[in-house]
Amino acid sequence: MSIVVTGATGALGRLVVDALLATVPAGEVAAVVRDKEKAAALAARGVELRIADYSAPETLAGAFRSGDRVLLISGSEVGRRVAQHAAVIDAAKAAGVAQLAYTGILGGPDADFALADEHKATEQLILDSGLPYTFLRNGWYTENYTANLAPVREHRAVVANAGEGRIASATRADYAAAAAAVLTGDGHLNTAYELSGDTAWSLAEYAAVISGLTGETIAYNNVPAAAHQEILVGAGLPEGFAAILVDVDEAIGRGRLAGTSGDLARLIGRPTTPLAETVRAALSAA
């Protein structure tokens, strides 16, 4: 039996492997990756590599073993993910894995924005498979915002169409620690966790945090959805992806990413990482 992390060379996957290696021997961890060279650092740490691709179902036949505990990290190709995830689920079922954990989205079946559709479809596929599951319904990553600090500081503004909506974000490392906890612990089968930060914050508060840490005056510019779409496309984002981000902002305005269930802090055994700490780290790394 191994603990298997799919998408293990991605931003979240690497952090999950790090969290696992802090608690279990490397020989018990396997990484499903597309590119062996890209995963060389994992192999050097003693992690078993299993080469497979979500988009090539035939490669997944050897990715899992009977009794494995598997984390399916959702794919990054929006619009293709249901078929990709289905291939992983089919392979996991054929192998007889003991647990299939999946990184979905906060709200699960109640999430009413476009980005949630593929996650909801994947959860239903897992339920239909009959596999023992754990749904890790991740809220927004704080890094979704701090990755864009450079243009925010350049234009002296956080621009969005989220109104006064609040976001209970946490860091990727927080979510990775939760995934490691359910893969190594007991009592998590056939359970859904609503994972989010301990404190929900508004984008006006986010702008104020940046202002306080930099000494610069950063405003929050709440703009109409259509105007935000134009801004994002003008910045180089594909129209379809820009539309998804605009739709998420509207969901934030409806309070869909503000839930603070406390599940994340309970799973990781500590408070989630505060917004200001993440912003400070991003500024220091810039």
Side-chain angles (χ1 to χ4, degrees), residues 11-12 15 76 78 105-107 111-116 137-175 194-262 264-265 271-286:
L12 179 61
L15 291 171
S76 59
V78 177
I105 201 160
L106 193 67
D112 62 354
F113 45 99
L115 190 62
R137 294 172 177 162
N138 291 351
W140 223 224
Y141 299 148
T142 310
E143 291 92 341
N144 290 345
Y145 292 98
T146 58
N148 296 314
L149 278 172
V152 165
R153 295 180 69 186
E154 178 185 354
H155 298 289
R156 296 290 194 270
V158 174
V159 180
N161 57 281
E164 298 179 3
R166 306 184 76 79
I167 306 145
S169 72
T171 63
R172 282 192 180 89
D174 291 336
Y175 293 114
E194 300 290 341
L195 304 181
S196 59
D198 296 335
T199 303
W201 45 270
S202 69
L203 288 169
E205 290 169 348
Y206 173 58
V209 167
I210 302 170
S211 297
L213 290 173
T214 63
E216 302 163 357
T217 300
I218 307 295
Y220 168 43
N221 292 344
N222 182 54
V223 298
H228 193 200
Q229 172 82 12
E230 290 183 8
I231 290 168
L232 293 173
V233 172
L237 270 66
E239 287 194 15
F241 186 58
I244 287 172
L245 296 181
V246 168
D247 184 57
V248 168
D249 270 8
E250 292 189 328
I252 290 170
R254 298 193 301 274
R256 290 303 190 182
L257 292 176
T260 53
S261 71
L264 181 52
T272 59
T273 308
L275 172 65
E277 182 177 325
T278 308
V279 174
R280 185 180 295 108
L283 289 169
S284 297

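This structure is a prediction, so every number in the text was calculated from the model and none was measured.
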Undergrad: Which pair of heavy atoms, one from S196 and one from T260, lies closest together, and at what distance?
TA: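 Nearest pair, atom of S196 first, then T260: OG-CA, 3.6 Å.
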
Undergrad: Of all the heavy-atom pairs spanning S211 and I218, show the shortest one and how long it is.
TA: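 Heavy-atom minimum between the residues: OG-N, 2.9 Å.
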
Undergrad: With side-chain contact (heavy atoms from CB on, under 4.5 Å) as the criterion, how do Q229 and E239 come out once you've worked through the C-alpha distance, each side chain's angles and the decisive distance to 0.1 Å?
TA: CA-CA 8 Å; Q229 172 82 12; E239 287 194 15; 4.2 Å; yes

Undergrad: So which heavy atom on L106 is nearest to which on G139, and how close?
TA: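 Where L106 meets G139 most closely, the heavy atoms are CB-CA, 3.8 Å.
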
Undergrad: Please confirm whether the backbone N or O of A150 pairs with a side-chain atom of R153, one donor and one acceptor, at under 3.5 Å?
TA: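 The answer is no, because no donor-acceptor pair under 3.5 Å joins these two groups.
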
Undergrad: Using a 6.0 Å cut-off, check whether atom CD of E164 has over 12 heavy atoms from anything other than its own residue.
TA: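 12 or below, so no.
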
Undergrad: Mind checking the OG1-CG spacing from T199 to L275? Nearest 0.5 Å is all I need.
TA: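 If we round to the nearest 0.5 Å, T199:OG1 and L275:CG are 9.5 Å apart.
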
Undergrad: State, with a plain yes or no, whether a side-chain heavy atom of F241 is found less than 4.5 Å away from one of V78.
TA: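 Side chain of F241 against side chain of V78, heavy atoms only: no contact under 4.5 Å found.
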
Undergrad: Taking R172's backbone N and O only, do any of them form a donor-acceptor pair with E143's side chain (distance below 3.5 Å, no angle check)?
TA: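 Checked: pair present.
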
Undergrad: Can you check whether E250 reaches N161 side chain to side chain, under 4.5 Å on heavy atoms?
TA: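 Yes - at least one pair of side-chain heavy atoms lies under 4.5 Å apart.
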
Undergrad: Just how far is it from atom OG1 of T171 to atom CD of E277, taken to the nearest 0.5 Å?
TA: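 Taking OG1 in T171 and CD in E277, the distance rounds to 8.5 Å.
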
Undergrad: Please report the C-alpha distance between L15 and Y175 in whole Å, then the side-chain angles of each, then the deciding distance to 0.1 Å, and finally whether the side-chain contact (heavy atoms from CB on, under 4.5 Å) criterion is met.
TA: CA-CA 9 Å; L15 291 171; Y175 293 114; over 6 Å; no

Undergrad: Would you say the side chain of L115 lies within less than 4.5 Å of the side chain of D247, judging by non-hydrogen atoms?
TA: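 D247 vs L115: side chains apart.
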
Undergrad: Show the nearest heavy-atom pair for residues D249 and A160, with the distance to one decimal.
TA: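 Shortest heavy-atom contact: OD2-CB, 3.1 Å.
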
Undergrad: Please assess I167 against L203 for the test side-chain contact (heavy atoms from CB on, under 4.5 Å), listing each intermediate value before the final yes or no.
TA: CA-CA 8 Å; I167 306 145; L203 288 169; 4.0 Å; yes

Undergrad: Between the main-chain N or O of A170 and the side-chain N or O of T142, is there a donor-acceptor pair closer than 3.5 Å?
TA: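 A pair under 3.5 Å: yes.
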
Undergrad: Ignoring hydrogens and angles, tell me if any N or O in the side chain of E205 forms a donor-acceptor pair with the backbone of S202 under 3.5 Å.
TA: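 Answer holds: yes.
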
Undergrad: Which atoms form the tightest heavy-atom contact between V246 and A225, and what is the distance?
TA: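 Distance-wise, the nearest heavy atoms are CG1-CB, 3.6 Å.
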
Undergrad: Just by distance, do the side chain of E194 and the backbone of R137 share a donor-acceptor pair under 3.5 Å?
TA: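 Not at all, since once roles are kept as given, no pair shorter than 3.5 Å links the two residues.
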
Undergrad: Under the side-chain contact (heavy atoms from CB on, under 4.5 Å) rule, what do Y220 and I210 come out as? Steps first, then yes or no, please.
TA: CA-CA 11 Å; Y220 168 43; I210 302 170; over 6 Å; no

Undergrad: Work out which heavy atom in A111 is nearest to a heavy atom in I105; give both atom names and the distance.
TA: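 Looking at all heavy atoms of both residues, the closest pair is CB-CG2, 4.3 Å.
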
Undergrad: Please determine which of T272, T273, N138 meets the side chain to side chain donor-acceptor pair (under 3.5 Å) test together with D174.
TA: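 Among T272, T273, N138, the one meeting side chain to side chain donor-acceptor pair (under 3.5 Å) with D174 is T273.
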
Undergrad: Between W201 and Y145, how do the two ring planes meet: parallel, tilted or perpendicular, split at 30° and 60°?
TA: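 The arrangement is perpendicular - the two ring planes meet at more than 60°.
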
Undergrad: Taking C-beta and beyond as the side chain, do Y141 and L12 meet within less than 4.5 Å on heavy atoms?
TA: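 With C-beta onward as the side chain, the pair touches.
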
Undergrad: CG of L245 to CD1 of I231: how many Å apart, nearest 0.5 Å?
TA: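 Output value for this atom pair is 12.5 Å.
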
